[in-house]
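This one's a predicted model, so the numbers in the text were calculated from it and none came from an experiment. Heavy-atom basis, side chains included; hydrogens, waters and symmetry copies ignored.
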There are 2 protein chains.
Amino acid sequence: MKATPALVRTGLGDQIRQVLIDGITSGRWAPGERIVERRIAAELGVSQAPVREALRHLEALRLIETLPNRGARVRDFTDEDLAEVFPVRAGLEETAADLAVHRMAGQVDALEAHIARLAAATDPGEVMRHSIAFHREIVEASGNRLLRSVWQSLGIEVWTTLSLRRRGTELCGKAAEHTDITEAFRRCDPAVGRMVHAHVMSYAP
Amino acid sequence: MKATPALVRTGLGDQIRQVLIDGITSGRWAPGERIVERRIAAELGVSQAPVREALRHLEALRLIETLPNRGARVRDFTDEDLAEVFPVRAGLEETAADLAVHRMAGQVDALEAHIARLAAATDPGEVMRHSIAFHREIVEASGNRLLRSVWQSLGIEVWTTLSLRRRGTELCGKAAEHTDITEAFRRCDPAVGRMVHAHVMSYAP
DNA sequence: GACTGATCTATGATCGATCATAGATCGCCT
DNA sequence: AGGCGATCTATGATCGATCATAGATCAGTC
């Protein structure tokens, strides 16, 4: 492979995946558009193999759909697709909160730190990441590694980005609920699971 | 590749994945044992590529763990690993039941069919599959494709098999609860979600 | 012109070989 | 003997090429 690697050496598959994700979220590849393995490979100056690896990850994230012997295409996200994520997130995060409330034992420093960072955030991307980080913190605090793995595999950041592109799913105005939830964790309120569930569902369109 | 393909032609990756899953659940590969890509490839008379593809699937199922440049090894499932799946399943299936109860509108034929098949099952493997099929039916009935995808990715069958190997997690004696749940669906009882949650958790060790 | 089948083309699936890295091994120096 | 590199080995990561399949295209018959 000569054509100016254009990519540093740290796991080609990972880097290609990021390139593809950026391309999809930025709209470079339109929904329904085919993603041809060799074309991407040639463009990035790599071979077909790591591109295939990256595509499998995108498939797991449900960003593309693949037909046997027919290749991959960018999914044509319907509003329904974007909406489906919320009940799943709500269920997972409710479970996480119920598990976490015991383990935290009123220690909510980490949650408060995320709230502070969210309040200080300026640009929309930063707001989104800090808002998500608050939720991730709850999932982490559950101590259930499988739960964490499943939650991560939802690719919340990517889907939220797509949702923001689609319409103006505003993330602000929810900081108050984050505070309420944090207070519930502080007093080990067993209703915190339901609160988190309701909070997540309130994002749904 | 000459060495008597030993595998029919229907997507090598899929077939290899099944061989590996069987090998792990049957105990052919012990926990912690390394899985060397080229060894498997040579053994099955294929090349490294489809084996790598299969290994990625196993990684998604959390049956193996992979270190960069260091290969894959069979995970050493702790009791904790086996237990972690139940809260996650319970949360997902509660969500599914809550979504499904509206869509079923009291039509519980499919659920009853699974109960009948479970009652008629004889060998343990069959019992397990029909028991799982009942739960899968609820998830399918939710109509949420993401939820279905996430549930499937838990690899319930495999983990249940492993759990059965580990100790005698008996699946019988739960048929009555399946009937209770079905009745709740028939009368569109909004408490069905909680029932499913409790039912799933009752399998936990 | 319309239908049927052979051929061509694009591309995914798979292959065999090479490159790169992590440990293991060996040899040298003190 | 012990420490420290150089070298060797096993193996994952990547490559370029080939095989196989799904459609598209074309030719022949009626």
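- The CZ atom of A:R52 sits 7 Å away from the P atom of C:dT14 (whole-angstrom rounding).
- Note: CD1 (A:I40) to C1' (C:dG12) measures 14 Å, nearest angstrom.
- Counting only residues at least two apart or in different chains, ring pair (Phe, Tyr, Trp, His ring centres under 6.0 Å) contacts with residues 29-71 of chain B are absent.
- Within 4.0 Å of A:I35, counting heavy atoms only, lie sugar-phosphate atoms of the nucleic acid but no base atom.
- End-to-end axis angle for the helix from C:dG1-D:dC30 to C:dT30-D:dA1, using five pairs per end and rounding to 10°, comes out at 20°.
- As rounded to whole Å, 5 Å separates atom P of D:dC15 from atom CG of A:L12.
- To the nearest angstrom, C1' of D:dT14 lies 14 Å from CG of A:L44.
- Comparing A:G13 and A:P68 along DNA chain D, the residue whose closest nucleotide (by nearest heavy atom) sits nearer the 5' end is A:G13.
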Can you list the steps and then say if B:H135 with B:E93 is a side chain to side chain donor-acceptor pair (under 3.5 Å)?
-> CA-CA 8 Å; B:H135 290 259; B:E93 296 189 25; 2.6 Å; yes
Report the C-alpha distance between A:D109 and A:Q107 in whole Å, list the side-chain angles of each, state the deciding distance to 0.1 Å, and finish with yes or no for side-chain contact (heavy atoms from CB on, under 4.5 Å).
-> CA-CA 6 Å; A:D109 308 0; A:Q107 295 299 309; 4.1 Å; yes
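- Here the P atom of nucleotide D:dA13 and the CD1 atom of A:I16 are 13 Å apart, to the nearest Å.
- Counting heavy atoms from C-beta outward, B:R89 and B:M201 have side chains that stay 4.5 Å or more apart.
- Between the base of D:dA13 and the side chain of A:E53 there is no donor-acceptor pair shorter than 3.5 Å.
- Proximity of a side-chain donor or acceptor of B:R148 to a complementary backbone N or O of B:E140 within less than 3.5 Å is not detected.
- Using a cut-off of 4.0 Å between Lys/Arg side-chain N and Asp/Glu carboxylate O, A:E112 and A:R186 are scored as salt-bridged.
- B:H178 and B:F134 have parallel rings, their planes meeting at less than 30° on a 0 to 90° scale where 60° marks the start of perpendicular.
- Residue B:A49 has its side chain nearest to C:dC15 when only D:dT14, C:dA13, C:dC15 are considered.
- Side chain of A:Q48, nearest nucleotide from C:dG12, D:dG16, C:dA17: C:dG12.
- Considering only heavy atoms from C-beta on, B:Q48 stays 4.5 Å or farther from B:V51 through its side chain.
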Polar atom pairs between nucleotides 6-11 of chain D and protein, under 3.5 Å, N or O only, would you list them?
unit_1	atom_1	unit_2	atom_2	d
D:dT11	OP1	B:R39	NH2	3.4

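- Of the possible polar contacts, one joining the B:S202 side chain to the B:H199 backbone as a donor-acceptor pair under 3.5 Å is found.
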